[in-house]
Amino acid sequence: MPKNMHIVFCIIATVVFVALYIRKRKMVDFLWLLVCDLPLILQFYGDSTTATVIGVCEVILLVAIFVFHLQDRKAARNQSEDDSQSDEGGGDVDDLKDVEQAVKVERSKLAGNDADDNVISQAFDNYNT
């Protein structure tokens, strides 16, 4: 890539990743900034030692980005599982207890105090007499 074009690319990448970092406060965005801007050094210092050091740094940064990505993905999966469990377990259990209590109250009204729990057969007792 020509030097001028590479400098423009690095400036645009820097602006984008700084904006992302300010917005989201994630370390991954800062690491991507470094990955994009480190090769710019090779435009000014092209010896093999510098290229090797930058190559090793790039690999380390990309591995770190991958590790952060896996951690974020795992945290998001755990969060979604926690949300689904709280939706299924937390509110519904209370709602079912309320419904169960309401059914017991209605059964006692229909069946009376001395009848057994067979509500269906008792519902028609008054009509048979």
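Not measured: the values here are computed from a predicted model. Positions are given from 1 along the sequence.
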- How close do K26 and Y21 get, heavy atom to heavy atom, and via which atoms? O-CD1, 3.1 Å
Transitive ILVMFWY cluster of [X] at side-chain heavy atoms under 4.5 Å: who else is in it?
X   : value
F9  : none
V53 : none
L70 : F66

- Query: Name the one of I12, N4, I11 that satisfies side chain to side chain contact (heavy atoms under 4.5 Å, CB included) with V8?
  - Reply: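 Filter result, single survivor: I12.
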- Task: Check V16, L20, I22, V18 against D29 for a side chain to side chain contact (heavy atoms under 4.5 Å, CB included) and give me the one that passes.
- Result: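 Among V16, L20, I22, V18, the one meeting side chain to side chain contact (heavy atoms under 4.5 Å, CB included) with D29 is L20.
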Under 3.5 Å, which donor-acceptor pairs do the side chains of residues 31-42 form with other protein atoms, sequence neighbours left out?
| unit_1 | atom_1 | unit_2 | atom_2 | d |
| --- | --- | --- | --- | --- |
| D37 | OD1 | T14 | OG1 | 3.2 |
| D37 | OD2 | T14 | OG1 | 2.7 |

- Query: Under a 4.5 Å side-chain heavy-atom rule over Ile, Leu, Val, Met, Phe, Trp and Tyr, are Y45 and I54 clustered together?
  - Reply: yes
- Task: For T50 and G46, indicate whether the former's side chain and the latter's backbone hold a donor-acceptor pair under 3.5 Å.
- Result: no
- Query: Can you name the residues that form a side-chain hydrogen bond (donor to acceptor under 3.5 Å, both in side chains) with E58, not counting sequence neighbours?
  - Reply: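 For E58 there are no side-chain hydrogen bond (donor to acceptor under 3.5 Å, both in side chains) partners, ignoring immediate neighbours.
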- Any chance you could measure I65, atom CD1, to F30, atom CZ, to the nearest 0.5 Å? 11.0 Å
- Does the side chain of F68 come within less than 4.5 Å of M27's, by heavy atoms? yes
- Query: What pairs of residues pass the side-chain hydrogen bond (donor to acceptor under 3.5 Å, both in side chains) test when at least one of them lies in residues 69-80, not counting sequence neighbours?
  - Reply: Q79-D83
